[in-house]
Every structure is written in C-alpha cells, then in structure tokens.
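Predicted model only: the values in this text are computed from it and were never measured.
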Amino acid sequence: MSHSTGLPALAVLATGFVVFAALVLAARLKRRDEEGARRDGRSLLGIMVQGIAFAVCGSGPIAVALDPLGFPSLALAAATTLLLLGAIGLFVWARRTMGRNWSVVARLRQDHALVTAGPFAHVRHPIYVAIALLLLATAIALGHVPRLVVALPLYALGTWLRIRVEERLLLAAFGDAYRDYGRRVKRFVPGLF
C-alpha cells in the first residue's frame with residue numbers, strides 16, 4: 001500500500017542516503033581492524049534483520065503524484081529533511097564520540113573504553129536511534145508509511161539482536177561500570193526506554 005509522494009522528498013531522501021552511506025563508509029575505512037580485537041559475528045544477524053526492515057519500507061510502487069511545488073509535497077520534503085538531518089547529526093556525533101571504539105559489527109579492542117559522554121550520556125545506543133530516523137524518513141519520502149507496521153517491529157528485532165551481543169561484550173569487559181551506566185542511561189529514549 002502506497003500513498004502519494006513528491007519529487008522533492010525523493011530528492012532529499014536520495015541525497016540523505018548518499019551522505020549517510022558516505023559517512024559510514026568513511027568511518028569504516030578510517031578504522032583499521034587490530035589483532036586481538038574480540039569480535040562477535042552474531043551481530044550480523046541483527047544487521048540483516050534491520051536491512052529487511054529497510055527493504056519492507058523501500059520496496060513496492062512509489063506514487064509520485066504530488067505537485068512538486070505544492071504544500072503537501074514540500075511538507076513531505078521538509079519532514080524527510082528533518083529526519084535525515086537528525087539521523088546524520090546523531091550518527092556523526094556518536095561516531096566522533098566513540099572514536100576508535102566504533103565498528104559496524106560488535107567487537108572490543110584491546111584498549112576499548114566505555115564511552116559515556118556526548119550522545120551516550122543521554123542514550124546508550126544513539127546510532128540505532130539515528131538509523132531508526134533514517135527508516136522513518138524512508139517510509140515518509142516514499143509514501144510507504146503504512147509499511148512501518150511491519151518494518152518497525154523488524155527493525156526493533158534486528159536492533160535487539162545487535163544490542164544483546166554488544167551489551168554482553170561491554171558487560172564482560174567493564175562489569176560494574178557498565179551495570180551502573182545501564183542503570184543511569186536508557187537505551188533509546190532519554191529517561192523513558
């Protein structure tokens with residue numbers, strides 16, 4: 001099921017995806033794997049499930065029927081822009097705060113540090129919040145908002161699979177310091193969840 005969308009929202013989404021992908025790729029290329037880094041490949045399953053959530057939102061017909069300069073089209077573009085700016089800004093802030101600790105797949109470096117500053121002072125998993133904003137932007141820009149009924153639970157499942165692995169690694173490495181951090185800081189929404 002699709003709703004109408006406009007060319008401005010699609011242009012913003014395409015630009016946002018290119019920028020987000022470039023930032024992730026640049027961060028990945030900048031970071032080198034080290035010997036002795038403990039990696040847990042089980043987080044790949046979570047990445048795949050999150051990817052399926054994006055496929056649900058991104059597949060199917062796209063009804064480009066709105067007047068590009070009309071209010072509905074420009075409102076969709078504005079909503080998409082705000083979500084993408086939030087996603088990109090949060091990702092950049094979290095990535096810079098993590099420094100060498102960041103990776104796509106869950107792993108711990110020999111000199112890994114428990115990061116509790118920047119966005120991590122407010123939520124434990126800001127990058128997953130950023131990716132959720134990207135998912136919402138995708139659904140809105142493509143006119144696939146009803147697909148979020150399936151995509152959001154899939155994204156939540158994939159994220160849960162990933163954070164289980166990550167939190168287990170952090171708990172093993174930092175023990176009581178991570179437990180205390182987990183009691184103070186919620187996973188996704190400051191003060192709530």
Side-chain angles (χ1 to χ4, degrees), residues 9-35 37-59 77 79-109 111-142 144 147-148 151-152 154-170 185 187-189:
L10 295 176
V12 168
L13 182 66
T15 302
F17 259 96
V18 168
V19 169
F20 196 89
L23 289 168
V24 171
L25 183 60
R28 175 64 181 101
L29 292 174
K30 186 176 180 181
R31 190 194 56 75
R32 291 192 178 96
D33 284 334
E34 298 178 349
E35 270 191 48
R38 288 183 299 163
R39 205 176 256 290
D40 194 324
R42 290 177 292 181
S43 64
L44 286 174
L45 177 60
I47 292 170
M48 288 188 293
V49 174
Q50 287 174 323
I52 292 168
F54 275 89
V56 167
C57 274
S59 64
T80 303
T81 299
L82 290 174
L83 288 167
L84 288 171
L85 288 174
I88 291 167
L90 190 54
F91 174 78
V92 168
W93 188 22
R95 167 61 187 95
R96 284 190 178 155
T97 303
M98 289 183 81
R100 294 168 36 122
N101 293 317
W102 180 83
S103 71
V104 174
V105 178
R107 63 140 176 95
L108 286 177
R109 300 165 45 87
D111 63 345
H112 204 93
L114 179 59
V115 179
T116 61
F120 298 93
H122 307 285
V123 293
R124 293 195 319 252
H125 301 285
I127 291 176
Y128 297 138
V129 174
I131 297 170
L133 294 175
L134 189 62
L135 182 67
L136 292 173
T138 301
I140 288 170
L142 298 178
H144 293 170
R147 294 170 185 248
L148 289 172
L152 284 176
L154 279 171
Y155 180 77
L157 173 62
T159 301
W160 179 78
L161 291 169
R162 291 182 77 180
I163 66 168
R164 261 186 68 207
V165 171
E166 291 170 12
E167 290 183 352
R168 212 174 307 152
L169 285 171
L170 291 168
V185 179
R187 284 186 172 110
F188 306 108
V189 180

Check: Once you round to the nearest 0.5 Å, how far does CD1 of Ile47 lie from CZ of Arg42?
Finding: 13.5 Å

Notebook entry, point to check: Could you state the interatomic distance from CG (Leu154) to CZ (Arg147), rounded to the nearest 0.5 Å?
Noted result: 12.5 Å

Checklist line | With Arg162 via salt bridge (Lys or Arg N to Asp or Glu O under 4.0 Å) - residues at least two apart | finding: none

Scan the side chains in residues 81-92 for donor-acceptor partners under 3.5 Å anywhere in the protein, sequence neighbours excluded, and list what turns up.
{"unit_1": "Thr81", "atom_1": "OG1", "unit_2": "Ala77", "atom_2": "O", "d": "2.7"}

Check: So, do Gln50 and Tyr128 sit near enough that their side-chain heavy atoms are less than 4.5 Å apart?
Finding: yes

Next item on the list: With rounding to the nearest 0.5 Å, note down the distance linking CG in Leu148 to OG1 in Thr138.
Entry: 9.0 Å

Using distance only, find each side-chain donor-acceptor pair of residues 13-25 under 3.5 Å and give its atom names and separation, not counting sequence neighbours.
{"unit_1": "Thr15", "atom_1": "OG1", "unit_2": "Ala11", "atom_2": "O", "d": "2.9"}

Margin query: Which heavy atom of Thr80 sits nearest to which heavy atom of Ala141, and what is that distance?
Written below: OG1-CB, 3.6 Å

Check: If you take all heavy atoms of Cys57 and Leu135, which pair is closest and at what distance?
Finding: SG-CD1, 3.8 Å

Next item on the list: Answer yes or no: is there a side-chain heavy-atom contact under 4.5 Å between Trp102 and Arg96?
Entry: no

Margin query: Rounded to the nearest 0.5 Å, what separates atom NE2 in His122 from atom OG1 in Thr116?
Written below: 11.0 Å

Notebook entry, point to check: How far does CG of Leu170 sit from NE2 of His112, to the nearest 0.5 angstrom?
Noted result: 5.5 Å

Check: How about Val56 and His144: do any of their side-chain heavy atoms sit closer than 4.5 Å?
Finding: no

Note to self: Under the salt bridge (charged side-chain N to carboxylate O under 4.0 Å, His left out) definition, can you give me all pairs with a residue in residues 115-141, not counting sequence neighbours?
What the structure shows: Arg124-Glu167

Notebook entry, point to check: Looking only at heavy atoms, what is the nearest atom pair of Met98 and Val115, with distance?
Noted result: CA-CG2, 4.2 Å

Next item on the list: Mind listing the closest non-hydrogen atom pair of Ala106 and Val165 along with its distance?
Entry: CB-CG1, 3.7 Å

Notebook entry, point to check: What class does the angle between the rings of His125 and Phe188 fall in, given that below 30° is parallel, 30 to 60° is tilted and above 60° is perpendicular?
Noted result: tilted

Margin query: A side-chain contact here means heavy atoms from C-beta on lying under 4.5 Å apart; do Leu134 and Phe54 qualify?
Written below: yes

Margin query: Within the structure provided, determine whether Val49 and Thr159 are in side-chain contact (heavy-atom separation under 4.5 Å).
Written below: no

Note to self: Holding to side-chain contact (heavy atoms from CB on, under 4.5 Å), I want the full list of residues that pass it with Ala94, two or more places apart in sequence or in another chain.
What the structure shows: Pro119, Phe120, Pro126, Ile127

Margin query: Which residues pass the side-chain contact (heavy atoms from CB on, under 4.5 Å) test with Arg164, not counting sequence neighbours?
Written below: Trp160, Arg168

